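To start, the structure under review is shown below, and the notes come after it.
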Number of protein chains: 6
Amino acid sequence: MRIHVINPNSSVDLTDAVAEAARSVVSPGTTITAVNPSKGPTVIEGSYDEVLATYHLVEEVRRAEREDRPDAYVIACFGDPGLDAVRELTDRPVVGIAEAAIQMTSFVAASFSIVSILPRVRKHLHELVHRAGATDRLASLKLPDLGVLAFHEDEAAAFETLRRVAGEAVREDGAESIVLGCAGMAGFARQLSEELGVPVIDAVEAACRVAESLVALGYRTSKANTYQAPTEKQYL
Amino acid sequence: MRIHVINPNSSVDLTDAVAEAARSVVSPGTTITAVNPSKGPTVIEGSYDEVLATYHLVEEVRRAEREDRPDAYVIACFGDPGLDAVRELTDRPVVGIAEAAIQMTSFVAASFSIVSILPRVRKHLHELVHRAGATDRLASLKLPDLGVLAFHEDEAAAFETLRRVAGEAVREDGAESIVLGCAGMAGFARQLSEELGVPVIDAVEAACRVAESLVALGYRTSKANTYQAPTEKQYL
Amino acid sequence: MRIHVINPNSSVDLTDAVAEAARSVVSPGTTITAVNPSKGPTVIEGSYDEVLATYHLVEEVRRAEREDRPDAYVIACFGDPGLDAVRELTDRPVVGIAEAAIQMTSFVAASFSIVSILPRVRKHLHELVHRAGATDRLASLKLPDLGVLAFHEDEAAAFETLRRVAGEAVREDGAESIVLGCAGMAGFARQLSEELGVPVIDAVEAACRVAESLVALGYRTSKANTYQAPTEKQYL
Amino acid sequence: MRIHVINPNSSVDLTDAVAEAARSVVSPGTTITAVNPSKGPTVIEGSYDEVLATYHLVEEVRRAEREDRPDAYVIACFGDPGLDAVRELTDRPVVGIAEAAIQMTSFVAASFSIVSILPRVRKHLHELVHRAGATDRLASLKLPDLGVLAFHEDEAAAFETLRRVAGEAVREDGAESIVLGCAGMAGFARQLSEELGVPVIDAVEAACRVAESLVALGYRTSKANTYQAPTEKQYL
Amino acid sequence: MRIHVINPNSSVDLTDAVAEAARSVVSPGTTITAVNPSKGPTVIEGSYDEVLATYHLVEEVRRAEREDRPDAYVIACFGDPGLDAVRELTDRPVVGIAEAAIQMTSFVAASFSIVSILPRVRKHLHELVHRAGATDRLASLKLPDLGVLAFHEDEAAAFETLRRVAGEAVREDGAESIVLGCAGMAGFARQLSEELGVPVIDAVEAACRVAESLVALGYRTSKANTYQAPTEKQYL
Amino acid sequence: MRIHVINPNSSVDLTDAVAEAARSVVSPGTTITAVNPSKGPTVIEGSYDEVLATYHLVEEVRRAEREDRPDAYVIACFGDPGLDAVRELTDRPVVGIAEAAIQMTSFVAASFSIVSILPRVRKHLHELVHRAGATDRLASLKLPDLGVLAFHEDEAAAFETLRRVAGEAVREDGAESIVLGCAGMAGFARQLSEELGVPVIDAVEAACRVAESLVALGYRTSKANTYQAPTEKQYL
């Protein structure tokens, strides 16, 4: 089986990190292909960035559907951009990393905090948590003013920040697990989990395992109503 | 004062109808400019269409901000596409027609139904109603399988359908007002209101009056956190 | 058009301040008439006061309906007293200042705090916010133990208190806009907005512009069910 | 112990029926006094009526507090008018019959329907159910277009209507218990319960037993914040 | 009338304290019988304990139904274990002490805090509050790391802790009443109420008065659907 | 890796069907062991049954923890009995089949209906859906009055019933996917999915894949607070 991981940020460094995380958890027979659009913002740090990135993301999905359909798609940005649109374009399972990570926490912990990037995404994260039906389980959002690429710029400093705010979440906010809410944090979950003594969810890893399961279970995206293919019309 | 109404559908016919509705309700001193992107889907009938249209919508906003800033923006598609993104790009008030119409009902009726287009947008409409905090006041969604351009193709038939489902909403679902949930329905509210005996909200009209009020009251889009300008980064 | 602003507090000073705020924002052709009942509590600072004041408020509305019907009513007390009752008595639009202010914030900010008066109204304010469907957007309630007339007794001290708690709301509670939750605060929004750098909503101003828009849009209070005229019966 | 039951409707017939229901369920040592204001609407069938009736209701409470304080108050109208205001005026327990009836259902049934009067009170009943925290347990509202005095005008016909809609609630809506949502229905619960085979809650009876229990348990209305006595001020 | 109070903890000391509290509030003609299973955990301090204790609790109910049916049951553990199961086994009213205490607060206070035992029960308490429909009225949960038997081991120290955290709830969290959320705290409500000046609800006392009222009102557990007797089947 | 599937119903036939379903979806290297308690109800069809079955279920978990710890547990009854208790007893991931199935639908469909057994479990299913945060996505509950063993008694008739009510859910209730809400329905998902054209989720299959993923991702049950091991105490 092949899972196609699309990083909607146009940063190739990020795509490499995401691919590595994805490959570290899937089963032996599963292939990961990972791409990013060659256009659009290097990182998605707000709603305007998301509009641009999603445009290029759906083009990549249309290309893949025409040329080499994978068995499932993973959208590797914690805002889950374009999720409903992509589900219209394919009957293959499509997994957003935020949705997958938030849902996975419910099996191993009674509550969770999300550690993510800039304070400005607070409203967007609350919407994602609401969409995942997890508002009652949310302990806190920790937004320590890190950029998406902070881990690629000064890994030690960024990890130190991560460790500090995640620790606060566990000790002060009642978090019984942590979700790493940014594709740029891929690869740091295991060490953090050992230090904190609670499950730490790498969103890319969680999403890839969910995608693999959906394929193994034989599920396809429902075309009953919401996710039907786009209606016929003219695109200028 | 000038209100810039952007129809994110690329249909010029629709833009003309929207502009006419807008001009019919604003104060004497208020100018309406109305445009649509020259690219993108002629009509927005799902999430994929919305992704494409929103891309061109934000480009139009960036152009307007550079060249001839209006006093306020109205986004004339009932899905309120790109609302948060546009608010990042300007400090002028930005009004989505769904948000405005849903909120206006609360002043004149205890409940409302939305009459809109295709059944496939049901989930999206529920999200809009939730975002407007109006879930408790929603009597029903009526989705009679009309396309966005139905009113431009066979006006009489489309109006007959509108009349039928709006009547059902009032008589069977407990709707005490009706929201016309598609920019393509602009111009039919008054007649329908007279026939049904309840307020019928034309979303474009409502939004333009709200925009005018926001300008008159001197409000600007808050830049405190969520709607800050995009962070500096490279756009490929 | 004429908007009839009823201040349900029997304080004439308050009525004057409210009228001034109202007149400062409406369009050239709009007349504001402002009255208060000659009986009842000078200020409404709790539920018992509200019961008495509302009794006199509805009498004023009945008088106006008989003698000189305005085009719309504004109820100028942040508790929105008697809103449903007044809507039964008239088909003219009726706007509560709390409802209007809370809804206006949604167009220009992702969240808001209400700065109001005594801690004892906390439960009542939560109910108003719930009724307006804005619970998810509420950042905090700031209740600095000011009486309704504090601004008329020692304006400088009251404004200093207002500035302090509104500042806390923005800096500590995540408020991206401020609602002034008391008719007695009319006239202080603009200065506060400049100092804080976020939109500050004067509830009376917001309500008058909403009322004006409802009239311009041609809406009438729905008589479909909830707001029907009172049933025939004997009043002893 | 003495429980003072105030019927806010000015109908003496209704007061007599309410008093009889109250006396039928309290303990031997408990005295019921029942009154109605001599002024105001004979029956409360909407929000305007409620405003008038509540004005006279609070006057009666003030009189009782001055002259002959009871051990508890019951407000015998299913809209629970003036509940918060009365709690400001006394430290004796104050019980609304809607609140009491809705809460009592939770001990003997997994869901309930309310059978009440005119369709126009639908919104108000939903607010009462929300305030009682019982929205999830509500099976349906049955509003068969009966006036408050229907049972005093044609008892047989009114009871037949009651039986019909309550039966529908049980058989079609999944109601596992029935609340009689109007003080005018006092006295019909037992027969209806036998016929339907589910608990039928007479709201006046339930409220009087709750009031008795609150006194026996030694509880007083909390004066910590919300229900403090009215602030000192001038009442014109 | 006889109310059968079952303490699902196997501690006889606790049963004695519970029985004393129960007897202190019921009417003269009401008999309290109080028992605990002879097997199971001495105290219930988590979900595993609850599974074991509930098994023995339902056995006690089956015995009582066969041998000497009481008029009502009270389950005297603040987790309300086995409530739905017991309601399947009898048509007598069954009252959980958490459900009863939380609902009683609504008649005398606008908000409440629960003072209970170990931090680990936080999630379970939130579920109880949600089930009682009281999430909006909850001021805070205070979980001062006391075991169920703390009051039987060092009463003075335990009461000192209780006083401290209940005081914090009133002064800092906005609690206008306190619920003692553990059967082991029976007997301390009155003193605490006097010291704090707000209603303090002893859950066992509240539940016994509710049970007595349900019997006096003639209500039986609804057998319409959810609480039907168990289906016929083989129990190995 | 070994996943230990515990069927809390004491029916061996059911265990065999569950084991077969489990084995049909897991990866080559994963071993399924499946057991049921030798005591307790043959089938769980209500809350009383659940109390008994859960008692034996936790004993089986304690035995497994002492003797041969698996890598994860699956509890194969759609009521998710004992989930929190089992999570206290082990640090291995523990998956309830209802929780897993409901969450899996969110990746492939915008809404779902649950087809389950007897009408009496309606309240319990609503609680499960709420706990999974999926209330907004629930289209309907279909409870066609089938016993748990209906599929083992008359497979053709039971499947015909399943087909009928699932079809109604899709055509009339807006379900875009179906969850088979009973372990006794294992093995029928694929055929039903082909006939209906929407995803049909077999809860046992979904749960086993989730369990496998949790192990592969290296997650352990959080011991931070809620799921700590039981406190030390005496068990009589």
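Just so we're clear, the structure is a prediction, and the values are computed from it rather than from any experiment. Throughout, protein chains are lettered first and strands after them, A, B, ... in sequence-line order, and every chain is numbered starting at 1.
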With only heavy atoms counted, which part of Val170(F) is less than 4.5 Å from chain A, the side chain, the backbone, both or neither? neither
Counting C-beta onward and ignoring hydrogens, is there a side-chain heavy-atom pair between Arg220(F) and Pro199(A) closer than 4.5 Å? no
Would you say that more than 12 heavy atoms from the other residues, nucleotides or ligands in this model lie under 6.0 Å from the CZ of Arg190(A), or not? no
Does some side-chain heavy atom of Val198(F) sit less than 4.5 Å from a side-chain heavy atom of Ser222(A)? yes
So for Ala189(F), is it side chain, backbone, both, or neither that comes closer than 4.5 Å to the heavy atoms of chain A? neither
Among the options Gly29(A), Pro93(A), Ala224(A), Ala110(A), pick out the one with the most heavy-atom pairs lying under 4.5 Å from chain F. Ala110(A)
For Arg87(F), is it the side chain, the backbone, both, or neither that has a heavy atom closer than 4.5 Å to a heavy atom of chain A? side chain
Measuring heavy-atom distances to chain F, does Val200(A) have an atom under 4.5 Å in its side chain, in its backbone, in both, or in neither? backbone
Given a strict heavy-atom distance threshold of 4.5 Å, which part of Asn225(F) is in contact with chain A: side chain, backbone, both, or neither? both
Please classify the contact between Ala134(F) and chain A as side chain, backbone, both or neither, with a heavy-atom cut-off of under 4.5 Å. neither
Has Arg62(A) got more than 12 heavy atoms of other residues, nucleotides or ligands less than 6.0 Å from its CZ? no
Note: vs chain A, highest number of non-hydrogen pairs under 4.5 angstrom among Ser24(F), Ser193(F), Ala100(F), Ser106(F) is Ser106(F)
Tell me the residues of residues 207-218 of chain A whose non-hydrogen atoms fall below 4.5 Å from those of chain F, in number order. Arg209(A), Val210(A), Glu212(A), Ser213(A), Leu214(A), Ala216(A), Leu217(A)
Greatest number of heavy atom pairs closer than 4.5 Å to chain A - which of Gly197(F), Ser27(F), Ala206(F): Ala206(F)
Check: Ile201(F) and Tyr219(A) side chains under 4.5 Å, non-hydrogen atoms: yes
Given that the side chain runs from C-beta out, which part of Asp202(F) has a heavy atom under 4.5 Å from chain A: side chain, backbone, both or neither? backbone
Pairing residues for Asp71(A) by the salt bridge (charged side-chain N to carboxylate O under 4.0 Å, His left out) criterion, not counting sequence neighbours: none
Decide if atom CD of Glu20(A) counts as having more than 12 heavy atoms of other residues, nucleotides or ligands within a radius under 6.0 Å. no
On a heavy-atom basis, which atom in Tyr227(F) and which in Glu176(A) lie closest, and how many Å separate them? N-OE1, 4.4 Å
